[in-house]
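Counting starts at 1 for both ligands and their atoms, following the listed order. Keep in mind that this is a model prediction, so the values were computed, not measured.
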Amino acid sequence: MAARNLLVTGGAGFIGSNFVHHVVDNTDDHVTVLDKLTYAGNLASLDGLPSNRVRFVQGDIADAGLVDELFSEADAVVHYAAESHNDNSLHDPRPFLDTNIVGTYTLLEAARRHDRRLHHISTDEVYGDLELDDPARFTEATPYNPSSPYSSTKAASDLLVRAWVRSFGVRATISNCSNNYGPYQHVEKFIPRQITNVLRGIRPKLYGKGENVRDWIHADDHSSAVLRILDDGRIGETYLIGADGEKDNKAVIELILELMGLPADAYDHVTDRAGHDLRYAIDSSKLRAELGWKPQYGDFEAGLAATIDWYRKNEPWWAPSKNDVEAFYSSKGQ
Ligand code: NAD
Ligand code: DAU
């Protein structure tokens, strides 16, 4: 395939920056990153990438003029930018509406004007949650039933994409992925919060009883799936991305403690999240059968150990955010 100019929104965030590294390592494509650099964006996540392959533009996806200019130069667009943290959305939902809904609308209008291929990154949380003892998993046919301000704005953005495909012929696809882990994840999120707590001598914090189940996938596996869909996904289709990585939060916190050489019970139970989704689980058969994708990081313990090692070696990357994040959580009893 000929080298493309990809526009990647949110490419200085966790999963977006992992995708930019993946594209540079696995294709000849050139990348323009459009990122507002909110508290969650970090330019250091793009350090070491070749300047003749990756260009950075600071800006807002809701800025129609800027978006128009960047779409005119791009062959295809991969849209990661979002307000992404459930706990923040319970505290202050407004930025979630502005970025996740109005921002996505702005990109769709540009895709329509310029007839550009767009891949929209979404989440399994649009489907709500499953019971702990239910063997069911989410599929592309599961009805939308989001629980939080975050997941409801992501659901709204997915529905906008579907409407722009059907009404205006926009060439878009959607993927809904489960919980990612790996390098460059903000310390507000569960796994990096606990790792950096241990590194700082703070006890890890488990919401409620820790029975909630998340379906973990390495961010690099998410990236390879997105590239497959961008290359060969059928326009208008949704693909679920998951790696059969269901674990309850208590088991994950115990494994982090064990891998970091501490007793498995050296953590605190803290106030539960309001409306806390019980269980997510992805059936990714469609993606695997149709596009031949499969995950490479099958061993969660090995992936987690490598992630712990990354945070150990990259304290300057995460240290500037750590105190503010812990002050915010502690003001909520978490
Ligand atoms: P993140 O919070 O780490 O990064 C988001 C990035 O978007 C940041 O760099 C931020 O600066 C940028 N951004 C925010 N508002 C912007 C705006 N208005 N204009 C331009 N840039 C803006 O998020 P993440 O965890 O990397 O998630 C990326 C995407 O993947 C999101 O769409 C999220 O819904 C989706 N997703 C995340 C997960 C997960 O486990 N983290 C799982 C499935 C799907
Ligand atoms: O499922 C995909 C979603 O995964 C993405 O759409 C979101 O952007 C991403 O943030 C993530 O959402 P979660 O709410 O599942 O992730 P978080 O890391 O915030 O929490 C994971 C689980 O751990 C959840 O059940 C809450 C719990 N938790 C979280 C924190 C921060 C704790 O027990 N203790 C904590 O300190």
Side-chain angles (χ1 to χ4, degrees), residues 8-19 33-43 45-46 57-63 66-67 78-90 95-96 98-100 102-104 106-107 120-127 129 138 146-148 150-151 153-154 157-158 175-182 184-194 197 204-217 219 222 226 241-242 247-250 252-253 267-273 276-282 325-326 329 332 334:
V8 176
T9 73
F14 164 44
I15 310 180
S17 63
N18 273 280
F19 179 74
V33 169
L34 170 61
D35 196 295
K36 190 177 173 182
L37 293 182
T38 67
Y39 80 95
N42 191 340
L43 259 188
S45 304
L46 301 173
V57 177
Q58 183 169 5
D60 192 326
I61 56 165
D63 177 344
L66 175 61
V67 163
V78 186
H79 171 33
Y80 287 91
E83 286 292 336
S84 69
H85 195 37
N86 277 297
D87 291 322
N88 291 345
S89 80
L90 296 166
F96 290 75
D98 294 338
T99 289
N100 300 359
V102 179
T104 301
T106 309
L107 300 178
H120 174 63
I121 303 294
S122 193
T123 168
D124 58 359
E125 295 192 15
V126 300
Y127 300 114
D129 61 354
F138 299 137
S147 314
S148 73
Y150 161 67
S151 52
T153 59
K154 289 298 292 187
S157 70
D158 292 9
S175 55
N176 298 78
C177 188
S178 60
N179 284 63
N180 286 221
Y181 74 97
Y184 305 114
Q185 187 169 27
H186 196 275
V187 292
E188 69 189 355
K189 302 296 195 314
F190 178 55
I191 287 180
R193 183 182 184 205
Q194 315 315 333
N197 273 3
K205 311 290 181 210
L206 188 64
Y207 292 177
K209 289 189 193 153
E211 289 172 336
N212 311 64
V213 171
R214 297 295 182 263
D215 190 352
W216 294 99
I217 180 173
H222 188 177
V226 168
I241 305 174
K247 305 232 163 346
D248 69 42
N249 294 339
K250 183 166 173 290
V252 173
I253 229 167
Y267 63 86
D268 296 331
H269 288 275
V270 294
T271 310
D272 207 352
R273 174 183 285 170
H276 197 172
D277 278 342
L278 279 176
R279 171 173 162 256
Y280 307 139
I282 289 268
V325 165
E326 287 311 310
Y329 279 129
K332 309 270 166 223
Q334 294 180 318

I'd like the residue list for ligand 1, meaning every protein residue with a non-hydrogen atom under 4.0 Å from the ligand. Gly10, Ala12, Gly13, Phe14, Ile15, Asp35, Lys36, Leu37, Thr38, Ala40, Gly41, Gly59, Asp60, Ile61, Tyr80, Ala81, Ala82, Ser84, Thr99, Ile121, Ser122, Thr123, Tyr150, Lys154, Cys177, Ser178, Asn179, Asn180
Are Asn176 and Asp158 close enough that a side-chain donor and a side-chain acceptor fall under 3.5 Å? yes
Lys247 atom NZ, over 12 foreign heavy atoms within 6.0 Å: yes
Quiz question: by atom type and distance under 3.5 Å, do the side chains of His120 and Ser157 form a donor-acceptor pair? yes
Once ring-ring contact (aromatic ring centres under 6.0 Å, His included) is applied, do any residues pair with Phe96, and if so which ones, sequence neighbours excluded? none
Decide whether Asn100 and Thr153 meet the rule of one side-chain donor and one side-chain acceptor closer than 3.5 Å. yes
Do the charged groups of Arg279 and Asp129 touch, with an N to O distance under 4.0 Å? no
Can a cation-pi geometry be assigned to Arg214 and Phe190, taking NZ or CZ under 6.0 Å from the six-membered ring centre and within 45° of the ring axis? no
Which N or O atoms of ligand 2 sit under 3.5 Å from a protein N or O, and how far apart is each pair?
| from | atom 1 | to | atom 2 | distance (Å) |
| --- | --- | --- | --- | --- |
| ligand 2 | 1 (O) | Asp124 | OD1 | 2.5 |
| ligand 2 | 1 (O) | Asn179 | OD1 | 2.7 |
| ligand 2 | 4 (O) | Asn179 | OD1 | 3.4 |
| ligand 2 | 4 (O) | Asn179 | ND2 | 3.1 |
| ligand 2 | 6 (O) | Thr123 | OG1 | 2.7 |
| ligand 2 | 6 (O) | Tyr150 | OH | 2.6 |
| ligand 2 | 8 (O) | Ser84 | O | 2.8 |
| ligand 2 | 8 (O) | Tyr150 | OH | 3.0 |
| ligand 2 | 10 (O) | Ser84 | O | 3.4 |
| ligand 2 | 12 (O) | Glu125 | OE2 | 2.9 |
| ligand 2 | 14 (O) | Asn86 | ND2 | 2.9 |
| ligand 2 | 14 (O) | Arg273 | NH1 | 2.6 |
| ligand 2 | 14 (O) | Arg273 | NH2 | 3.4 |
| ligand 2 | 15 (O) | Asn179 | ND2 | 2.9 |
| ligand 2 | 15 (O) | Arg214 | NE | 2.8 |
| ligand 2 | 18 (O) | Phe190 | N | 2.9 |
| ligand 2 | 19 (O) | Arg273 | NH2 | 2.9 |
| ligand 2 | 23 (O) | Asn249 | ND2 | 3.4 |
| ligand 2 | 25 (O) | Arg214 | NH2 | 3.2 |
| ligand 2 | 25 (O) | Asn249 | ND2 | 2.8 |
| ligand 2 | 25 (O) | His276 | NE2 | 2.6 |
| ligand 2 | 33 (O) | Tyr207 | N | 2.8 |
| ligand 2 | 34 (N) | Lys205 | O | 2.9 |
| ligand 2 | 36 (O) | Arg193 | NH1 | 2.8 |
| ligand 2 | 36 (O) | Gln194 | NE2 | 3.1 |
| ligand 2 | 36 (O) | Lys205 | O | 3.4 |

What residues, two or more places apart in sequence or in another chain, satisfy side-chain contact (heavy atoms from CB on, under 4.5 Å) together with Lys209? Glu211
Consider only side-chain N and O atoms of His276 and Asn212, and report whether a donor and an acceptor are under 3.5 Å apart. yes
